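Everything quoted here is computed from the prediction, not taken from an experiment. Read the numbers this way: they start at 1 and go in the same order the structure lists the ligands and their atoms.
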Amino acid sequence: MENVVISGSGLFTPAATISNEELVNSFNQYVDQFNQQYAQEIADGQMDALDYSSCEFIEKASGIKSRHVLYKVGILDPAIMRPVFDRRDEQQAPEMVEMALHAAKEALQQAGKTAADVDLIICAASNMQRPYPALAIELQQLLGATGYAYDMNVACSSATFAISNAVNAIRGGTARVVLVVNPEFASPQVNYRSRDSHFIFGDVCTATIIEAQSSCSSPLAFRIMGMRLKTQFSNNIRCDVNYTEHCFSEPDPEVAFFKQQGRKVFKELLPLVAEVIQDEMAAQDVTAADLKRLWLHQANINMNIFAAKKILGRDPEPAEAPLVLDTYANTASAGSIIAFHLNKQGLKTGDKAILCSFGAGYSVGCLVLEQC
Ligand code: CO8
């Protein structure tokens, strides 16, 4: 079987940030206004008063201190509480394509490749700004790449599932150099009026170049030794927005938003994640002692530490299982790739590592990597 490597990675980080303090301050102003507006209904027992959010809770429960967003305007205004931005016309690339273009250029440069070398582009993310034409095809045109391109969505596991598709395309002979982009424009899907979830997501885009080891000229590449994908249906992380919404006589005002049962996700997903990683390690004859790094999905600090401990059989050193949650928050499918991109230095040839995503579906995507 042909050896396939990740030969470059890229990251686009929006300039604007929102700290927990800013977010909680705006949320608590909204709570005061709501409770004042509905004081009578609350006093009569027809409605529950809203509770304040807290920075202490957010940081302790999730590890998140701040997040990047494409459009900060509107999010913190208690009368608006959503990103405010203009609809783009057909002549302008949508935000996701624009973000992907930046991340792609860095990944190509790292891999020592140009757009002319790329013959497959996969845009893999939790949301697409339109169903068709595929965002990946617009990116293909803007980059000046040939070959073919398509979009795919496996929520938080979109990046790892797309890398696995890239490996299979290379081994199957339908592509030689694949660009995978993960533009996660999450902020429009966040319900900034929900105390349970207003703090979770940030916007970002990652990119990776996947190619045959025989064509790789990158000074830092990782051979994909093994891949294991797993899905198991759950309603505990869900979004129902879709093109049929306008047909319903009673449109659901919450339909566009991300919803989850965070506790259940935590409990049900972790055993699945540990099983998938351990099964693939066994298949590749890789032991915990061989692992030099764990680039894990970034949804929750406690979840990451728990997963790393289960895999390593001991507490992880911070550098072994790097966290980017504090500054990036949960960035869906991009999270494990950000951890990889920012923390792939410092390993030696032959060192083994795990790159693993997990999230809605449920879905788990695990890659066992070896530094070339
Ligand atoms: N401030 C203060 N208190 C709060 C807040 C808040 N903001 N929110 C909740 N509380 C309170 C609750 O009311 C509760 O109080 P009480 O004990 O009195 O009932 C208490 O805090 C504890 O609440 P929880 O049990 O809900 O808190 P947890 O400790 O479970 O933490 C988390 C909540 C952080 C959400 C945690 O459950 C978690 O991270 N779980 C894992 C979830 C996960 O990994 N999800 C994956 C989602 S990402 C994904 O799959 C991609 C989807 C597609 C992307 C979409 C892009 C937008």
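- Listed by atom number, the atoms of ligand 1 under 4.0 Å from A186 heavy atoms are 56 (C), 57 (C).
- Electrostatic pairing of E254 and K259 does not count as a salt bridge here, judged by no charged N lying under 4.0 Å from a carboxylate O.
- The backbone and the side chain of R195 each have at least one atom closer than 4.0 Å to an atom of ligand 1 (non-hydrogen atoms only).
- The shortest N or O to N or O distance between S53 and ligand 1 is under 3.5 Å.
- Remark: R193 is not positioned above the aromatic ring of F27, lacking an NZ or CZ atom under 6.0 angstrom from the ring centre and at most 45 degrees off the axis.
- The ligand atoms of ligand 1 that sit less than 4.0 angstrom from a heavy atom of A299 are 44 (O).
- Note on ring orientation: taking the six-membered ring where Trp is involved, the planes of H102 and F12 are parallel (angle under 30°, cut-offs 30° and 60°).
- In this structure, atom 14 (C) of ligand 1 is not in close contact with the protein, since no protein heavy atom lies within 4.0 Å of it.
- In the hydrophobic cluster analysis, where Ile, Leu, Val, Met, Phe, Trp and Tyr join through side-chain heavy atoms closer than 4.5 angstrom, M225 is grouped apart from L355.
- The heavy atom nearest to atom 30 (O) of ligand 1, out of those in E56, R238, R263, is found in R263.
- Nearest protein heavy-atom neighbour of atom 40 (N) of ligand 1: G262 O, 3.1 Å.
- Protein non-hydrogen atoms do not reach within 4.0 Å of atom 18 (O) of ligand 1.
- Heavy-atom proximity to S126, at under 4.0 Å, picks out these atoms of ligand 1: 53 (C), 54 (C).
- Contacts of R314 classified as salt bridge (Lys or Arg N to Asp or Glu O under 4.0 Å), with partners at least two apart in sequence or in another chain: E320.
- For ligand 1, the atoms sitting less than 4.0 Å from at least one non-hydrogen atom of S54 are 1 (N), 2 (C), numbered in the order shown with element in parentheses.
- The single protein non-hydrogen atom nearest to atom 38 (C) of ligand 1 is N300 ND2, 3.3 Å, given as residue, atom name and distance.
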Inset, instruction - Could you go through the side chain to side chain donor-acceptor pair (under 3.5 Å) check for S158 and S333 one step at a time? - result: CA-CA 5 Å; S158 298; S333 73; 4.6 Å; no
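- Every atom of ligand 1 is numbered from 1 in the order shown, and the set under 4.0 Å from a heavy atom of A61 is 31 (O), 34 (C).
- In this structure, D290 does not pair ionically with K352, as no charged nitrogen and carboxylate oxygen lie closer than 4.0 Å.
- Protein heavy atom nearest atom 57 (C) of ligand 1, with residue, atom name and distance: Q189 OE1, 3.3 Å.
- The contact set between ligand 1 and G359, taken as ligand atoms under 4.0 Å from a residue heavy atom, comprises 50 (O).
- Cluster membership check: L342 does not share its hydrophobic cluster with I6, using side-chain heavy-atom separations under 4.5 Å among Ile, Leu, Val, Met, Phe, Trp and Tyr.
- Under a 4.0 angstrom heavy-atom cut-off, V190 registers as lying outside contact with ligand 1.
- Atom 26 (O) of ligand 1 is not flagged as protein-proximal [any protein heavy atom, distance under 4.0 Å].
- Of the candidates F201, F57, F27, F57 brings a heavy atom nearest to atom 6 (C) of ligand 1.
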Legend entry - Candidate pair K230 and L272, rule side chain to side chain contact (heavy atoms under 4.5 Å, CB included), full reasoning: CA-CA 8 Å; K230 172 99 184 152; L272 205 61; 3.9 Å; yes
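- Around atom 35 (C) of ligand 1, the closest heavy atom drawn from Q260, K60, H198 belongs to Q260.
- Shortest contact from atom 51 (C) of ligand 1 to any protein heavy atom: C156 SG, 2.4 Å.
- Using the six-membered ring where Trp is involved, Y38 and F34 have ring planes that are tilted, between 30° and 60° apart.
- For R88 and D86, the salt-bridge test fails: no basic side-chain N is under 4.0 Å from an acidic carboxylate O.
- In the vicinity of N330, heavy-atom distances shorter than 4.0 Å reach the ligand 1 atoms 47 (C), 48 (S).
- If you number the atoms of ligand 1 from 1 as listed, the ones under 4.0 Å from a heavy atom of A360 come out as 49 (C), 50 (O).
- Under the salt bridge (Lys or Arg N to Asp or Glu O under 4.0 Å) criterion, R176 pairs with D119, sequence neighbours left out.
- Below 30°, between 30° and 60°, or above 60°: for Y328 and H68 the angle between ring planes is between 30° and 60°, a tilted geometry.
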